[in-house]
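Beneath this line is the structure, given in structure tokens, with notes to follow.
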Amino acid sequence: MPKSRIRKKADYTPPPAKQATALKLTNRAWVAPVMLALFLIGLAWIVVFYVTDGSLPLDALGNWNIVVGFGFIAAGFGVSTQWK
């Protein structure tokens, strides 16, 4: 009976190293000014509401002016998630 050939196993060669791809950061220079503007508008809205005893900024809204002010502040926090 003939002897079968022994197959040599190929040595392990690791896959070629991947080159690090540079992250392309888009220019988001608008984020910080918009974020700060929304924070300040919200703060000013609430302060004006309290200082004028509820007659300003919008008398028809009544105590909902506080919600509007906090809405501006929340929008500022929403915009802040885009900051890199």
Side-chain angles (χ1 to χ4, degrees):
M1 177 148 272
K3 194 172 183 182
S4 64
R5 290 189 222 161
I6 298 174
R7 288 184 271 158
K8 273 190 152 183
K9 291 184 179 180
D11 292 335
Y12 174 74
T13 55
K18 294 181 180 178
Q19 293 181 357
T21 57
L23 294 175
K24 183 180 179 184
L25 297 177
T26 58
N27 186 7
R28 298 192 179 196
W30 59 271
V31 174
V34 170
M35 175 184 66
L36 291 175
L38 287 171
F39 286 155
L40 292 175
I41 290 170
L43 179 65
W45 193 287
I46 294 170
V47 168
V48 167
F49 174 71
Y50 277 117
V51 169
T52 61
D53 292 327
S55 63
L56 287 175
L58 294 176
D59 191 28
L61 290 179
N63 286 335
W64 284 98
N65 280 304
I66 297 170
V67 175
V68 172
F70 278 114
F72 278 113
I73 293 171
F77 279 113
V79 170
S80 72
T81 62
Q82 299 297 317
W83 196 4
K84 289 188 179 187

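Between the side chain of N65 and the backbone N or O of L58, at least one donor-acceptor pair lies under 3.5 Å.
Atom CG in D59 sits 9.0 Å away from atom CG in L61 (nearest 0.5 Å). Rounding to the nearest 0.5 angstrom, the gap separating the CZ atom in F70 from the CG atom in L43 is 9.0 Å.
Hydrophobic cluster membership differs between I46 and V51, with clusters built from Ile, Leu, Val, Met, Phe, Trp and Tyr side chains linked at under 4.5 angstrom. In the hydrophobic cluster analysis, where Ile, Leu, Val, Met, Phe, Trp and Tyr join through side-chain heavy atoms closer than 4.5 angstrom, I66 is grouped apart from L40. Hydrophobic clustering (ILVMFWY, side-chain heavy atoms < 4.5 Å, transitive): W45 and V67 are in one cluster. V48 and V68 end up in different hydrophobic clusters when Ile, Leu, Val, Met, Phe, Trp and Tyr side chains are linked at under 4.5 Å.
What you find for N63 and F49 is that their closest heavy atoms are OD1-CZ, 3.4 Å. F77 and S80 get closest at one heavy-atom pair: O-OG, 2.5 Å. When all heavy atoms of F39 and I73 are compared, the closest pair comes out as CE2-O, 3.4 Å.
Between V79 and W30 the shortest side-chain heavy-atom distance falls below 4.5 Å.
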